[in-house]
Amino acid sequence: MRFAILVTEGPHGHQATDSALAFAGAVLERGHQLPQVFFYGDGVLNANRLSAPPAGERHPVRGWSRLAAEQGVELLICANAALKRGVREATLAPGFRIVGLGQLAGMLVAADRLITFGA
Amino acid sequence: MRFAILVTEGPHGHQATDSALAFAGAVLERGHQLPQVFFYGDGVLNANRLSAPPAGERHPVRGWSRLAAEQGVELLICANAALKRGVREATLAPGFRIVGLGQLAGMLVAADRLITFGA
Amino acid sequence: MSLLHMVAASPFTHRALEACLARWSDGDALLLMEDAVAAALDGAVTPLPGNGPVFVLLPDLVARGLAARPLRHGATPVDYGGFVDLAARYDGSVSWF
Amino acid sequence: MSLLHMVAASPFTHRALEACLARWSDGDALLLMEDAVAAALDGAVTPLPGNGPVFVLLPDLVARGLAARPLRHGATPVDYGGFVDLAARYDGSVSWF
Amino acid sequence: MAVKSLLFLNRAAPYGHGRAAEMLEAALVAAAFGQEVRLAFLDDGVFQLVAGQQAGAVGQKSQAELIALLDEHDIDAVLVEAESLAERGLSPADLMVEAEILPRAALTRALAGADMVISA
Amino acid sequence: MAVKSLLFLNRAAPYGHGRAAEMLEAALVAAAFGQEVRLAFLDDGVFQLVAGQQAGAVGQKSQAELIALLDEHDIDAVLVEAESLAERGLSPADLMVEAEILPRAALTRALAGADMVISA
């Protein structure tokens, strides 16, 4: 089955990102497809390469980049939401790509299931 | 009277920042003192110079910088919270300064009133 | 010590207003702002303090198209200057999120 | 079409669970996760669906020190694999914030 | 691109949280991309439709302007839950758009009838 | 620096929101800077004190580790509202720290008695 994930909160204010990462891993472990994750609203803050938590603490931005590198999951962030929040091409973590909102529509249409993580 | 303001949400997910900016302006208009505003939690995202909302839309980051320049209000952001969220010295908007949490204690002790804006 | 209690979340969505009212003392005041201004509208079924003044931030009513609607008995609109005056007049303040 | 309803906010703080239950259909299921796992604890006074299965995300119970506590009648713990299975089994899902 | 029936669930009041505006933008774009888009306004989401909004009073962009676009775009339905209006002391006459006012039971059926429900 | 009596209001459950941890960090630093610091746990905040937390299950830093620091630091009081515990099916025996369990009326008086109340 083909899953889509939408993330609407940033990585450090809420648990939503941790839940989304754990769910994404489980989707792939169960043998389902997860071609894309879309980040909208404050969710685009997950793409900030400058995020530097203390050593030993959770590092969600890196978690997403690893998911992209190891599993080929595309990480799409909304251009409008990103510009407002100061997430730029130059500060994008590996695996993330800035796209238009049309890509969100595309992800929804292509997927069998959508799971949203927010607050 | 000496006021202190604490902001705990980012500039684009919640109204908290707009309310804080409007309140800060009114404090000064009423002839009170507002030496410092402290940004904690997701509030540190208010300091991101890279924030670029569409022309004509609200621009809270610039609003804070203007408050600092025109009224001499110090804008303090918590170092730990900022590092986690990828807000760095190099991307700081004018008027903001990265400080330790001890400065929050200092602000509280020196103030007659604390008003917190969050969600 | 009298406190100014501030609530910003809608009482239809969050329980912040309930939490505030559960710790109410005689002499305290309530300021409803942002989405919480909905609690001040005539006809709203959400709770308000049994005693003590209730203030509503007028710019938040105006933004939401609610400024012309009747308010519940005893609710008084204030602008940001009035908000500052309240913060100065009461001994302290508590924000309920 | 049966739906999997997901609630993450604590029912003591938010009204998301109430909003969800107000739009409940026969055949739907509920997944409680993050702070909402509190709604599944024996003794909690918050509402649950009158009919239909209730699942609770186990890692969220474990993190909060609540995994050893008795759950309310009919609440079933699932791990993230079980969460995925539920999402696949039901025709669709709704997140309530 | 195939066509799906997408139901956007708007449950947040305008201005207090950025999600109200961002949800509508996403719905408008999905409609522009040829999807079958229905908007449901319930709970505090009904406040988004109230006539006479003046967002400038809090320095924000008007949610009303986005709402006004619904008519021009190819939005297939605007559904409003009657109970949500009543609980807030609002009536259909207070709204700025033509909408289908539905009882809760009908709105619940609309949820189940969509190919996908989007909430944020 | 003068000394003030600061009351930190902890109303959020741990892990779901970053504020629970960040509030405690702020309180610990204020205590280290010589302020009179009291912590009040009420509403969902009482979940922060529950024994047996294993934050690794959701990949987070343990709130329990921060709570354990309260004893070592110069925190003047840890107050817990009895009604908040009872509503959640919790009892004082479930908590991992020594705390003053107070009825709601006493906690309300503690709010009014502080020089400043900090909530986040």
Side-chain angles (χ1 to χ4, degrees), chain A residues 6-18 20-21 39-65 75 77-96 98 100-101 116-119, chain B residues 6-18 20-21 39-65 75 77-96 98 100-101 116-119:
Chain A
L6 176 61
V7 179
T8 64
E9 288 289 346
H12 292 286
H14 296 270
Q15 197 189 337
T17 288
D18 301 290
L21 265 166
F39 298 84
Y40 195 41
D42 278 351
V44 301
L45 297 166
N46 281 285
N48 189 349
R49 179 170 58 75
L50 302 179
S51 169
E57 279 192 30
R58 56 192 278 285
H59 197 326
V61 175
R62 202 169 279 167
W64 289 117
S65 291
L75 309 174
I77 75 168
C78 167
N80 290 349
L83 260 177
K84 270 188 207 173
R85 290 167 178 85
V87 177
R88 302 279 188 89
E89 211 56 77
T91 56
L92 230 44
F96 285 91
I98 300 179
L101 263 181
T116 305
F117 294 89
Chain B
L6 175 62
V7 179
T8 65
E9 289 290 345
H12 291 286
H14 296 270
Q15 197 189 338
T17 288
D18 300 289
L21 265 167
F39 299 83
Y40 194 40
D42 278 351
V44 300
L45 298 166
N46 281 284
N48 189 349
R49 179 169 57 75
L50 302 179
S51 169
E57 278 192 30
R58 55 192 279 284
H59 197 326
V61 174
R62 202 168 279 167
W64 289 117
S65 290
L75 309 174
I77 76 169
C78 168
N80 290 349
L83 259 177
K84 270 188 207 173
R85 290 167 177 85
V87 177
R88 303 279 188 88
E89 215 48 82
T91 56
L92 229 46
F96 286 91
I98 300 179
L101 263 180
T116 304
F117 295 88

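These values consider heavy atoms only, across backbone and side chains, with no hydrogens, waters or symmetry-generated copies.
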Practice problem: Heavy-atom distances under 4.5 Å only: say whether Leu83(A) touches chain B with side chain, backbone, both or neither. | Solution: both

Practice problem: Could you pull out the closest heavy-atom pair between Ser65(A) and Leu75(A), with the gap in Å? | Solution: N-CD1, 4.3 Å

Exercise. Run the numbers on Thr17(A) and Phe117(A) for side-chain contact (heavy atoms from CB on, under 4.5 Å), then give the verdict.
Key: CA-CA 7 Å; Thr17(A) 288; Phe117(A) 294 89; over 6 Å; no

Quiz item: Is chain B contacted by the side chain of Glu9(A), its backbone, both, or neither, given a heavy-atom distance below 4.5 Å?
Solution: neither

Self-check item: Greater than 12 external heavy atoms within 6.0 Å of Arg88(B)'s CZ
Solution: yes

Self-check item: Part of Pro54(A) lying under 4.5 Å from any heavy atom of chain B
Solution: side chain

Self-check item: Arg85(A) side chain vs Leu45(A) backbone, donor-acceptor pair below 3.5 Å
Solution: no

Quiz item: Quick one: of Asn48(A), Thr8(A), Val61(A), who has the most non-hydrogen atom pairs under 4.5 Å with chain B?
Solution: Asn48(A)

